[in-house]
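One structure below.
Predicted model only: the values in this text are computed from it and were never measured.
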Amino acid sequence: QRHQHRMADGDGVGAERQRLGDIAAVPYAPSIDEGYLAALAQFVGGAPREMTVAADLEMVVDQPSAPLPYGPTPAAHSYTVRNIGLVNASDVQSVIQLPISAGAVTAPATAGSCTVQSTTVTCLQPILLAGRATRITVSAAHCAAGNVNVQASTQSYEPDAQPSNNSVQATLEVAEV
């Protein structure tokens, strides 16, 4: 059985496409209209610029406003993983490394799931939509007062538009409260 499809090509001229069977094999090639780019540039107030259409993950530590207490009672602090890019990010993995002195570590997230191996928290999220965020709340007991260094990073399956904001190192104060 033979089917014919009529499509407009990039110049606006109709092109005949033929195929056999029930599966269309019509290539799709998106194009950006130069007039649209000029109008967009005028709207945002500048000349047309190159724009990267990609996921852009960002890891941010939400610094506690007060010192974390030391002792056997766990205290919490949070991390936010944001997708500030223009497309969704898939297979998002975030890793938070606490100091070796941390104990009783737990880490729920607002999306996805987290596992804890000793002082390493690993969170997996199947998809993080563009413009959305996930919060990871890490709770741990600290055995002594002082400053503790924590490292956190995130990545996804897709290439990142700006990988420099995918990791953060924070110094948290632990004190007698």
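If you chain together hydrophobic residues whose side chains sit under 4.5 Å apart, V105 and I136 fall into the same group. Under the 4.5 Å side-chain heavy-atom criterion for ILVMFWY residues, a single connected hydrophobic cluster contains both L98 and V116.
Contact annotation: the side chain of S113 never approaches that of T115 to less than 4.5 Å [non-hydrogen atoms, C-beta and beyond]. Put simply, the side chain of T171 does not reach to within 4.5 Å of the side chain of V148, judged on heavy atoms. Taking 4.5 Å as the limit, every side-chain heavy atom of P74 sits out of range of all side-chain heavy atoms of T106. The shortest distance between side-chain heavy atoms of V150 and V61 does not fall below 4.5 Å.
A distance-only check finds no donor-acceptor pair linking the side chain of Q97 to the backbone of A152 [under 3.5 Å]. Listed for the N83 side chain is a donor-acceptor partner under 3.5 Å among the backbone atoms of L128. One N or O on the side chain of D160 and one on the backbone of L57 form a donor-acceptor pair closer than 3.5 Å. A donor-acceptor pair is defined here as one N or O able to donate and one able to accept, closer than 3.5 Å; no such pair exists between the side chain of T119 and the backbone of I100. Here the side chain of Q125 pairs a donor or acceptor atom with the backbone of I127 at under 3.5 angstrom.
Legend: residues meeting salt bridge (Lys or Arg N to Asp or Glu O under 4.0 Å) with R132, ordered by chain and number and at least two apart, are absent.
Neither side chain, S156 nor D91, offers a donor N or O lying under 3.5 Å from an acceptor on the other. For the residue pair T154 / S94, a side-chain donor-acceptor distance below 3.5 Å is found, with atom types taken as modelled. Counting only N and O atoms by type, the side chains of Q117 and T122 include no donor and acceptor under 3.5 Å apart.
Note that the OG1 atom of T137 and the OH atom of Y79 stand 10.5 Å from one another [nearest 0.5 Å]. In this structure, CG on L68 lies 5.5 Å from CG on L172, to the nearest 0.5 angstrom. Rounding to the nearest 0.5 Å gives a distance of 7.0 Å between NE2 of H142 and OG of S101. Between Q93 atom CD and S153 atom OG the span is 8.0 Å, to the nearest 0.5 Å.
Salt bridge absent: R82 and D56 never bring a charged side-chain N and a carboxylate O closer than 4.0 Å.
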**OP:** I would like to know whether M59 and N166 meet side chain to side chain contact (heavy atoms under 4.5 Å, CB included); could you show each step before the answer?
**Re:** CA-CA 5 Å; M59 173 68 83; N166 289 16; 5.8 Å; no
